[in-house]
2 protein chains.
Amino acid sequence: MKQTSSAHRHSSDKLLFLTDEQLRSAIELLFFAYRDFTGDPDRILAERGYGRAHHRAIHFIKHRPDITVAGLIEMLGVTKQSLNRVLRQLIDDGLVVQKVGETDRRQRLLSLSEEGATLEVQLSQPQRDRLRQAYTSAGPEAVAGFREVLHKIMNDGTRAMVADKPGRK
Amino acid sequence: MKQTSSAHRHSSDKLLFLTDEQLRSAIELLFFAYRDFTGDPDRILAERGYGRAHHRAIHFIKHRPDITVAGLIEMLGVTKQSLNRVLRQLIDDGLVVQKVGETDRRQRLLSLSEEGATLEVQLSQPQRDRLRQAYTSAGPEAVAGFREVLHKIMNDGTRAMVADKPGRK
DNA sequence: GCTTTAAGTCAGTCTTGTTGACTTACCACT
DNA sequence: AGTGGTAAGTCAACAAGACTGACTTAAAGC
């Protein structure tokens with residue numbers, strides 16, 4: 001039981017040899033890519049005394065305006081107390097604004113102020129540039145594969161959280 | 001300047017429309033996939049009082065036996081003090097063993113003990129299972145695209161760190 | 001009216017990262 | 001043989017960001 005390699009027959013009738021070696025390199029690929037991918041915004045955040053947690057909150061508030069606090073907690077997968085710390089700062093600093101829920105007045109609907117939206121663009125700019133460069137150089141088929149595998153890596157419950165317009169299989 | 005979308009002509013002569021929407025969903029894809037991907041080992045680690053930092057150290061020591069401390073620091077991208085804390089525990093707990101360098105006796109060459117290797121397998125097992133499932137269901141072309149895009153997302157300097165056997169383009 | 005829920009807070013803990021300063025042992029070069 | 005640089009290790013202090021647990025306030029749902 002030295003070489004635990006396994007062969008699978010794919011629906012498209014091609015043989016897939018998934019060696020431990022290949023699986024391991026994927027683990028590293030994800031580690032390094034994710035680290036570099038988050039590195040650029042991390043530097044911008046540090047200048048303003050924020051951290052990655054602020055970025056994540058800003059990202060989801062930007063793209064799901066009027067999200068509730070509970071909704072944001074679920075997206076991020078953190079506790080109320082953990083989110084509250086960064087949210088408190090963002091609200092106090094005027095980057096995030098709260099609005100009382102119309103149907104449920106207990107809810108606080110979150111959205112970005114103009115200043116918050118400006119920061120969001122600054123933060124996501126290097127990530128978009130990085131993706132654009134990678135996507136362009138890799139080509140559409142590679143991009144489709146990239147997205148499909150990422151989709152299949154995540155938990156079934158998580159999958160529904162990705163706002164994913166293009167009709168994926 | 002509302003819709004900052006951009007079109008690029010790929011070398012393979014196909015048009016790629018990279019909308020902000022598409023780029024944004026990739027950001028979320030990476031976030032969610034990475035989170036779920038690391039979730040399983042995180043649970044196992046927590047039982048033993050370890051964290052993700054221990055897992056990373058164990059991973060690289062396993063797959064690059066006789067790596068030096070400086071080498072490991074470079075791979076992980078952390079400071080000596082930060083690594084030392086987790087390394088100290090792993091050595092004290094008998095999971096990692098040190099060996100004085102042959103050519104340079106200042107170096108401490110790191111490798112896993114049997115017990116360390118056992119833990120490594122336990123930790124990487126759920127990740128390998130997850131990848132195997134995703135790879136198998138997505139198919140070889142998707143896997144190739146996945147790997148290619150991840151490669152191109154990371155920094156040029158980082159790329160050399162991935163032990164990547166299969167002859168990638 | 002009573003219970004549940006959404007949000008917010010206070011307090012304490014833990015992991016993991018950082019700086020900065022310093023020691024010990026060893027290598028390399030003059 | 002001596003000197004300077006390097007590899008490893010340590011101490012101390014600090015910060016971000018996660019956690020648990022307990023508790024309050026206000027509003028919703030019955």
Side-chain angles (χ1 to χ4, degrees), chain A residues 31 34-35 38-39 41-61 66-93 96-111, chain B residues 31 34-35 38-39 41-61 66-93 96-111:
Chain A
F31 167 68
Y34 193 79
R35 194 186 61 181
T38 52
D42 280 357
R43 256 163 260 130
I44 301 171
L45 289 156
E47 292 169 18
R48 308 187 47 141
Y50 292 149
R52 202 178 293 178
H54 299 82
H55 186 190
R56 291 198 284 252
I58 288 173
H59 171 92
F60 284 112
I61 293 172
D66 286 355
I67 189 174
T68 63
V69 173
L72 190 50
I73 284 169
E74 203 201 337
M75 300 287 304
L76 297 171
V78 297
T79 59
K80 184 175 49 166
Q81 296 90 326
S82 191
L83 173 62
N84 189 252
R85 189 177 8 192
V86 310
L87 202 50
R88 193 68 275 142
Q89 284 181 272
L90 293 173
I91 293 168
D92 290 347
D93 295 352
V96 169
V97 290
Q98 291 175 303
K99 185 173 66 185
V100 171
E102 294 170 26
T103 57
D104 188 337
R105 296 177 28 114
R106 289 172 304 179
Q107 296 179 335
R108 298 292 175 269
L109 308 184
L110 306 169
S111 56
Chain B
F31 168 68
Y34 193 79
R35 195 186 59 179
T38 52
D42 279 358
R43 258 164 258 130
I44 301 172
L45 288 156
E47 292 169 18
R48 309 188 43 142
Y50 292 147
R52 201 177 294 178
H54 298 85
H55 186 188
R56 291 199 284 253
I58 287 173
H59 170 93
F60 284 112
I61 293 172
D66 286 356
I67 189 175
T68 63
V69 172
L72 190 51
I73 284 168
E74 202 200 339
M75 301 286 305
L76 297 171
V78 296
T79 58
K80 182 175 49 166
Q81 296 90 325
S82 189
L83 173 62
N84 190 253
R85 191 171 11 203
V86 309
L87 202 50
R88 191 70 274 142
Q89 285 181 271
L90 294 174
I91 293 168
D92 290 348
D93 294 351
V96 169
V97 290
Q98 292 175 304
K99 185 174 67 185
V100 171
E102 294 170 24
T103 56
D104 187 337
R105 298 176 28 114
R106 289 172 304 181
Q107 296 178 334
R108 297 292 175 268
L109 308 184
L110 306 169
S111 55

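First the proteins, then the strands, lettered A, B, ... as listed; each starts at 1.
Judged by closest nucleotide on DNA chain D, A:R52 is the one of A:R52 and A:Q81 placed further toward the 5' end. Both B:K80 and B:R56 sit near DNA chain C, but only B:R56 has its closest nucleotide nearer the 5' end. Annotation: of the two residues near DNA chain D, A:V86 and B:D104, the 5′-most nearest-nucleotide partner is B:D104.
Taken to the nearest 0.5 Å, the CD1 atom of B:I67 stands 10.0 Å off from the CG atom of B:L109. A distance of 6.0 Å separates CG in B:L110 from CD in B:Q98, rounded to the nearest 0.5 Å.
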Using residues 69-86 of chain B as the side-chain source, report each donor-acceptor pair under 3.5 Å to any protein atom, sequence neighbours left out, with the distance given to one decimal.
residue: B:T79; atom: OG1; partner: B:S82; partner atom: N; Å: 3.3

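For the OP1/OP2 pair of D:dG17 and a distance below 4.0 Å, the side-chain nitrogens and oxygens of A:R85 include no atom meeting the criterion. For A:T79 and D:dC19, the shortest distance from a side-chain N or O to OP1 or OP2 is below 4.0 Å.
A straight line from CZ of B:R106 to P of D:dG4 spans 16 Å, rounded to a whole angstrom. Atom CG of B:N84 is separated from atom P of D:dC11 by 9 Å (rounded to the nearest Å). As rounded to whole Å, 18 Å separates atom C1' of D:dA16 from atom CZ of A:R88. Atom CG of A:L87 is separated from atom P of D:dG17 by 13 Å (rounded to the nearest Å). The nearest whole Å value for the distance from the CG atom in A:L72 to the P atom in D:dA18 is 12 Å. Following rounding to the nearest Å, A:Q98 (CD) and D:dA27 (C1') show an atom-to-atom distance of 16 Å.
Once you apply a 4.0 Å limit to the heavy atoms of chain B, the touched nucleotides of DNA chain C run 5' to 3' over C:dT15 to C:dC27.
Among B:H55, B:R52, B:R35, the single residue meeting the side chain to side chain contact (heavy atoms under 4.5 Å, CB included) criterion with B:D42 is B:R52.
Scanning both residues, A:A57 and A:L90, for their nearest heavy atoms gives CB-CD1, 4.1 Å.
Counting non-hydrogen atoms under 4.0 angstrom, B:Q89 reaches nothing in the nucleic acid.
With a 6.0 Å radius and a threshold of 12 heavy atoms from other residues, nucleotides or ligands, A:R88 has its CZ atom above the threshold.
Between the side chain of B:R108 and the backbone N or O of B:R106 there is at least one donor-acceptor pair closer than 3.5 Å.
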